[in-house]
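Only one structure is covered here, and it is reproduced in the block below.
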Amino acid sequence: MADLKYRSPRGTSDILPEDQPYWAFILETAVGLAEVYGYQRVDVPIFEFADLYIRGVGEATDIVQKEMYIFEDRGGDRMALRPEFTAGICRAYLQHGMSNRPLPVKLWTAGPVFRYDRPQRGRYRQFHQFNYEAIGELDPWLDAEVIDLAWRFYERLGLKDLTLELNSIGDGRCRPAYREALRAYYRPLVDRLCSDCKDRLERNPLRLLDCKQPTCWALSEAAPRSVDYLCDECREHFAGVQEWLGRYGVPYRLNHRLVRGLDYYTKTVFEVQPPRQGAQAALGGGGRYDGLIEELGGRPTPGIGFATGMERIILELKEQGISPPGRKLPVVFVAYTGEATRLATVGVVGRVRAAGFIGVHAFGSRSLKSQLRLADGLGAGYALILGEEEYRQGRVVFRDMATGSQEVVSLEEALSRIRRG
Ligand SMILES: [Zn+2]
Ligand SMILES: [Zn+2]
């Protein structure tokens, strides 16, 4: 291990076969729910013109300032690896004239996103998100439906004791006054802020509220609350969201320090937190982005979305002792006992696979003992041993690997016994 010439880059990981069932479980659950809520799949490029994210996510955000993978391609264009999905999906919405479709347009996607962050538990430089977006509708009912979808998703995975946190951060009309109130509150305290927050105070004061440094966290408790600065429209909208959430029966907790790290959010923001807060970051979150599509050059178009981090969900599933449902196909090992049956193995393995089981065998030319050891190592439930004599009569030795019991039966009989389990 120590002297490997190449290792995966810091902040990336390999998803090994033994972890794949978690990924499949999460993806299938997320896709299944997306479909019954009327979402359709979209896929957008892993890289786009950097300007899309700078405009979309926001010049002043930490993501753009510090975390985006940005590079010039060989043609001299400035590109970026996607740090999130929403900006790319809104670009696709505009590019393909999706405003002509029935609204809201509901889209889901999944895949890797990239942020040059400090790697730690549940935080990677290449990580994976499942993402839902609903574009073209202002009704707070839609906010509640998206939040309901997010909540049911974690519920369906079997996760317990999660908290849904909710806030409204206003819009272009009311947020400037709120930002100013935050700056006014923090300016006299600036010496006690962490260096990141000193930096953010003028360009992005909302982010001071969710800084986890102990002194910043303590100071943010008494900071002005966005809900006290909402204009009439934002206040009514937020009341509407809470009313609809009540109808959906989704429990939530108001958190005035919840702001999310992206500039495009307006009005509703929400996050789903694991039981032990602080231990790791949110499992997922989202919010409304009513100004984003206009920012990207389209007509004013409201939208709301939700993204959840796959790696964090896997950590939490393991933490809570939840295993993905097993649905393993039986592994059937076909063993030969001499040259003639070794050649016949190809046909028998073919029959096993055609029957829908995992058909495996040894390569090379190995003793029966060595083959059965391999069968054990591969987790075979059954072995079909081809004895010269039996095989000529169309029969095989059917071995139950768990008990070691053996019986000579026809190949058809062996396959039907495996099917019965
Ligand atoms: Zn801070
Ligand atoms: Zn407002």
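Both ligands and their constituent atoms are indexed starting at 1 by order of listing.
Contact check on Asp210 versus Arg257 returns no salt bridge, with no Lys/Arg side-chain nitrogen under 4.0 Å from an Asp/Glu carboxylate oxygen. The existence of a salt bridge linking Glu233 and Arg173 is confirmed by a sub-4.0 Å separation between a basic side-chain nitrogen and an acidic carboxylate oxygen. In this structure, Asp228 does not pair ionically with Arg235, as no charged nitrogen and carboxylate oxygen lie closer than 4.0 Å. No salt bridge links Arg121 with Glu311; every basic N to acidic carboxylate O contact stays at or beyond 4.0 Å.
In summary, of the residues considered (Tyr264, Tyr289, Tyr265), a side chain to side chain donor-acceptor pair (under 3.5 Å) with Thr86 occurs for Tyr264 alone. Shown are Asp171, Asp143, Thr266, Thr268; of these, the side chain to side chain donor-acceptor pair (under 3.5 Å) with Arg288 is made only by Asp143.
The SG atom of Cys197, the Zn ion (ligand 1) and the SG atom of Cys194 define an angle of 110° (nearest 10 degrees).
Panel detail: the Zn ion (ligand 2) has protein N, O or S atoms under 2.8 Å away, 4 in number.
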